[in-house]
Amino acid sequence: MNRRQLIKALGLGAATLASMPLLQACGQSAQAPAKPAEPSKPTDASKPATGATAAPAKPADASKPTDTKPAAKAAGTPKRGGQFNVVVQNDWVSFDPPFNTAEPNGSNMIFGSWVNWLQDAGGKWGPQPDMIAEWDQKPDALTLKLQKGAKFHDGTPWDAKAAKWNLDRLIFHPSSGLRANMRGIDIAGEDQSALDKLKADPNGAFTFSSKAVEVTDDATVRLRFSAPNAAIISALSGPNAAPVSPEAYNKAGKDAFGRAPVGAGPYRFVEWQSGSHVTLERNPDYWRKGADGQPLPYIDKLQYRLIVDDSVRLLELRSGNAQFTELIQGKDVAGLKNEPSITLVESQASGNNYRVIFDATNPESPFRNLKLRQAMLYALERDAIAKTLGFASGVSRKYLLPKGSLGYDESEKVPFYAYDKAKAEALVKEAVAEDKSLAGPDGRVAFTFSVIDRAVDKAQSEMIKQMGEQVGFAVTLETLERAAWTAKLVKRPGQPGGKFDMASMRNPVTADDPDGQWRAYYHSGGSFNVAHVEDKEWDKLIDDAAATFDVEKRKPLYFDLEKRAFEQAWYSTLWQQNWNWAFTNKLASFVEPVTNRWHFTESWLS
Amino acid sequence: MGTYIIQRVVQMVPVMIAASIISFSIIFLLPGDPALLILGDQLASNREVYEAKRTELGLDRPLPIQYLDWLGKTVRGDLGISTRDKQPVTTGIAQRLPVTLELTVLAMLLALTISLPAGIISALRPNSGWDIFASLFAFGGVAIPHFWLGILLIYALAVVFRILPPSGYVPFAEDPAQNLTRMLMPAVTLGLGLSAVLMRQVRSSLLEVLHADYITTARAKGLAPKLVVMRHALRNGLIPVVTVIGLQLGLLFGGAIITESIFSIPGIGRWAVDSILQRDFPVVQAVSLVMAIGVLTSNLLADIAYAYIDPRIHYR
């Protein structure tokens, strides 16, 4: 080989290496297009989920797994042992449930839940017993009967004393993220000086004992309510409510416990190296039994590794170095569906929801004008946005609640904003004709659209800008880092901010109790009420719906809320990126969760 | 030499103070509110809870007081607690700094291993086929972004050929072989661009020296060509290269941020970026300060290295 031939050979080799990802990408796009996401199987909205009624739940049969949706992979005979490697997108902040503000990956393996919100064999979502075996919900009291045989990893028994301590902590700890969800509890007679002491040392041992939560016997606690709260069971199903060992918490204190958690779940905490990984090992004393009569879980060790980059997570899965990952981008879904060694499960009930928001309190915003808000919402072509940005896993949305929720109007008689360019243009013209100060010299209505500096959000904002400008708006895009975006939208006492024209946001949506969504966005104390809707009428309607225990009476109340939301147009849902999970065929018996809290309690390695 | 080092260290003090002021205050210039991010939207709108959190974080005090308090603690080795994961910042640095140092040292070693022989051969045979190939390599090395090269390497070596693990980190003390196996691709990703820069620097510097009169004299004396290059040309030709290495160390820290993200390496660079995004100000302040110290130290080491390479240089 002469020098020229050598140079040619090296050049060819380098070109081949460089084109590998391109070939791979072309290979994916050249494959048969993925089937569009199947429409959600709506739950029978006329039959409420168990927790929405006052009826007590059936006790769980510890010898059988909870009756949930069949596993994505064919089951077979469970095998015990092995290590399972999971790669996740988001870093950990704390493992203490009510103080965790990040994705709690792995947390639901360390802790058991009070109840689990799962899909039953008939496809309905609802609460299923977990660490509570039975419950009896009445407007003035909630009685919880505890699961027998459960204990925390440090040996602390799961009894009424531990349950009361956990409920007290959720309700009264000044930093508890669950306080708003635990509303309605009768706290009038509590010892104020003890609560003040708690505020003075929130990081120390939690020793407060309330009157609102009563121990009735060793395995029963009762919560007293001054106002009914039909959504309390849903609140207890969330990962942020999970019970922890009181002994371990009081020994360590709040912050230290968050780094070395002790729960009663199927796995024990072993190690958390910030920015790197979390390791869990099987809890040999877990109270639930597997198909072989031995305690669950089947897999010995779980390791969650943090890999922020979406492409690298997929490469980890494809190389076999990891066996499970989450949050697959829409662009990668089609390719994964055609890989025989990988299973992709897409949720039909839950995902990340993209929406636009108008500021209800900014006097300088043109969107104080209802017609302009309506015009903007009619100008949005939701199907196009969902298909372009979500690829095969993007679904356009009509209402605040997702399909499958109690209060979702299956008949779609409740009005929604469907794309109508002519109507949008006409509304802009009408608004400007009524108030000429709304438009600039060019006759267009100018506004600033604030978005978070994330790839999908930015691409979405470009599409929305074009759609808005086609009907008479002049849109200035303002891309902000997330922290700056939050400071711009959220009102803080004594601080600037909380003032904008229009913004977009992304939030998880699940088919659990509808109160969560309505309260978060429209209630004056709502956790995501970034539109700053402060309307006593809204608060009353949301509170009334949440206090209604008869499901047949409750459903139309949520239809009314949807109608009211349509009329006022402060928020509008656009589309949803369904959650998805991909794993190698080594994993058997994966069950889709209603929230993004996937778990491996009943899974094994084949 | 000892006097010179002491002088340089003393000169570093005002620079360090300036760096500490910038490190401390830069996070407060960014829009966003640590208390808001920690509490979440709902709790932040509660005046009592919000103000309690600001007091807990010390954000309710005037900035100069906060700075002096931070400086006092920093001098005593207390860099505070991460507002995000509640870990002492010193623990975080102790865990992550060695990882980033290992990555940068390996990348530097790799860069030197490639660039020195390649640069010398190119300088000795200018415009030859080898020189053209080395130049193409250099241009490619500089032009290829780290994130692209990293993903390309993972795809080729971990997915297609399956000869290396795609990502992750194993401490050297735990398993040296696994550590080096996992650090190979990140080191190549980070070091390749640097090797290209250094190769060009070695080439041009050596070419210049090879045309100097004292080299002609050495050749005229009948010294062996190898001796002329290794003893007379290379030693002088490396002086500018050492300067570039000193400067590039700072850039390596910057490049490590991307490389650590791609290969999921729990180093200080990725930690810094995550902390900036989360307004975890104790971490941002500490990491900025550590990086400033790192850059100043590397420049000092480069200056000291001159004396060993070039006997004409005397420090007083």
Side-chain angles (χ1 to χ4, degrees), chain A residues 3-4 6-7 10 14 17-18 20-21 24 87 91-94 101-102 174-175 177 179-180 199 202 255-256 258-259 273-277 305-309 311-312 315-316 318-322 480-484 486-495 497 525-530, chain B residues 30-53 56 81-82 84-87 92 95-96 129-130 132-133 136 140 147-148 150-152 154-156 158-160 162 165-169 261-267 270-271 274 277-279:
Chain A
R3 197 177 61 195
R4 187 167 293 173
L6 177 69
I7 291 169
L10 286 170
L17 192 67
M20 275 176 181
Q24 170 73 2
V87 283
D91 203 354
W92 298 268
V93 169
S94 166
T101 51
S175 305
R179 292 180 71 171
K199 278 181 198 162
D255 291 346
R259 293 198 62 86
Q273 193 181 325
S274 296
S276 176
H277 64 269
R305 279 204 299 123
L306 175 70
I307 298 183
V308 179
D309 191 285
S311 308
V312 178
L315 289 173
E316 281 273 341
R318 286 179 167 133
S319 72
N321 204 40
L480 300 163
E481 186 206 336
R482 195 182 188 289
T486 311
K488 170 147 191 151
L489 265 68
V490 177
K491 287 186 189 293
R492 293 162 294 160
Q495 300 288 330
S527 55
F528 286 116
N529 182 1
V530 281
Chain B
L30 295 173
D33 183 342
L36 173 63
L37 290 173
I38 294 165
L39 289 172
D41 308 349
Q42 188 178 21
L43 283 170
S45 60
N46 180 322
R47 175 175 285 276
E48 197 183 340
V49 174
Y50 177 74
E51 284 173 357
K53 182 51 79 178
E56 182 192 323
I81 304 280
S82 160
R84 186 169 156 79
D85 65 11
K86 308 296 180 198
Q87 192 181 37
Q95 280 175 353
R96 291 170 169 90
W130 168 260
I132 292 166
F133 171 74
L136 284 174
F147 70 88
W148 189 78
I151 289 177
L152 186 79
I154 294 174
Y155 182 72
V159 179
V160 177
R162 302 202 173 209
S167 67
Y169 177 77
S261 294
I262 295 168
F263 291 96
S264 192
I265 297 170
R270 204 182 80 196
W271 191 38
D274 291 346
L277 295 175
Q278 294 299 324
R279 302 293 186 269

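Note on naming: letters A, B, ... go to the chains in the order of the sequence lines (proteins, then strands), and numbering restarts at 1 for each one. Quick caveat, the model's predicted, so the values are computed rather than measured.
Closest non-hydrogen pair, A/R305 versus B/G168, comes out as NH1-CA, 3.4 Å. Annotation for B/P166 and A/E316: closest pair CG-OE2, 3.4 Å, computed over non-hydrogen atoms. Listed here is the closest heavy atom pair of A/G320 and B/R162: N-NH1, 4.4 Å. Here the closest heavy-atom approach between residue B/P266 and residue A/Q273 is recorded as CG-NE2, 4.1 Å. Taking both residues in full, the closest heavy atoms of B/R84 and A/V93 are given as O-CG1, 2.9 Å, listed atom of the first, atom of the second, then distance.
Residues A/D255 and B/I81 form no side-chain contact, since every pair of their non-hydrogen atoms from C-beta on lies 4.5 Å or further apart. Residues B/V159 and A/S319 are in side-chain contact: their nearest non-hydrogen atoms beyond the backbone lie under 4.5 Å apart. Residues B/P31 and A/K488 form no side-chain contact, since every pair of their non-hydrogen atoms from C-beta on lies 4.5 Å or further apart. With a 4.5 Å cut-off on side-chain heavy atoms, B/R279 and A/R482 do not count as touching.
Within the model, atoms CG of A/N321 and CD1 of B/I154 stand 10.0 Å from one another, a figure rounded to the nearest 0.5 Å. In this structure, OG on A/S276 lies 9.0 Å from CD on B/Q95, to the nearest 0.5 angstrom. Between the CZ atom of A/R318 and the OH atom of B/Y155 there is a distance of 8.0 Å, given to the nearest 0.5 Å.
Per-residue heavy-atom pair counts under 4.5 Å with chain B were compared for A/A487, A/A484, A/G258, and the maximum is reached by A/A484. Per-residue heavy-atom pair counts under 4.5 Å with chain B were compared for A/V87, A/L480, A/I307, A/N529, and the maximum is reached by A/I307.
Between the side chain of A/R259 and the main chain of B/K86, no donor-acceptor pair closer than 3.5 Å is present.
For chain B, the nearby parts of A/D91 are the backbone and the side chain; heavy atoms of each come within less than 4.5 Å. Heavy atoms of A/S274 lying under 4.5 Å from chain B belong to its backbone as well as its side chain.
Not counting sequence neighbours, the partners of A/V308 by the side-chain contact (heavy atoms from CB on, under 4.5 Å) test are A/L306.
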